[in-house]
Structure formats: C-alpha cells, structure tokens
Amino acid sequence: MRTPNIADKVVVITGASSGIGESTARFLAGSGAKVVLGARRTDRIDALVKDITAKGGPLSVFRLMSQSAMRWKL
C-alpha cells in the first residue's frame, strides 16, 4: 500500500526496534517513505533493516547513544 502524501518523504523514527516505533517504521516504509531508524538495541534494529530492505524499502540506520555515554566521549 502506498500513501501518496508520504511517498518519498524522509521520516526519522526513534525507538524503532520494537513496539509502536517498529510498527510505524514498517508501515511508512511500506507506504514508500524513506525511513531513518534509531534504536539502542542494534540486534533488533538489524533484523528490522533486513526485513524492510528484503521488501524493497529504502532506509538509513543510526545508533542512538544515551546522554551518559555521550558525556564520556566528550
């Protein structure tokens, strides 16, 4: 199913490794949106990426970092 007003738009989704974030990512990618997925659980996000790309969806992936992890990198 393609949604004309979302097709080819770029959508950033945080918490994409499960629940509402994952469902939203699947729906929007299936509707033709280019989704950028963010999540802490890389194993689950990797599985989602494989599934979406296997169905022909374009996407980008990045890893979120907690604020405490960012402090240590400064």
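These numbers come from a predicted model, not from an experiment.
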**Report entry** Qualifying salt bridge (charged side-chain N to carboxylate O under 4.0 Å, His left out) pairs with a residue from residues 13-25, counting only residues at least two apart or across chains
**Finding:**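 Every salt bridge (charged side-chain N to carboxylate O under 4.0 Å, His left out) pair that includes a residue of residues 13-25, provided the two are not neighbours, is E22-R26.
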Return the set of residues passing side chain to side chain donor-acceptor pair (under 3.5 Å) with [X] (not counting sequence neighbours), or none when no residue passes.
X   : value
T24 : none
S23 : none
R44 : none

[atom1]-[atom2] distance between [X] and [Y], expressed to the nearest 0.5 angstrom:
X   : Y   : atom1 : atom2 : value
I6  : F27 : CD1   : CZ    : 8.5 Å
S31 : N5  : OG    : CG    : 9.0 Å
L48 : I13 : CG    : CD1   : 8.5 Å

Query raised in the report: Excluding sequence neighbours, so at least two apart, what forms salt bridge (Lys or Arg N to Asp or Glu O under 4.0 Å) with K50?
Result: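 Applying salt bridge (Lys or Arg N to Asp or Glu O under 4.0 Å) to K50 gives none.
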Looking at [X] and [Y], what are the two nearest heavy atoms and their distance?
X   : Y   : result
V11 : A33 : CG2-CB, 4.1 Å
A25 : L37 : CB-CD2, 3.6 Å
A29 : I52 : CB-CG2, 3.7 Å
I45 : A39 : CD1-CB, 3.7 Å

Query raised in the report: Is V10 close to V36 at the side-chain level, that is, under 4.5 Å between some pair of heavy atoms?
Result: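 Yes, side chains in contact.
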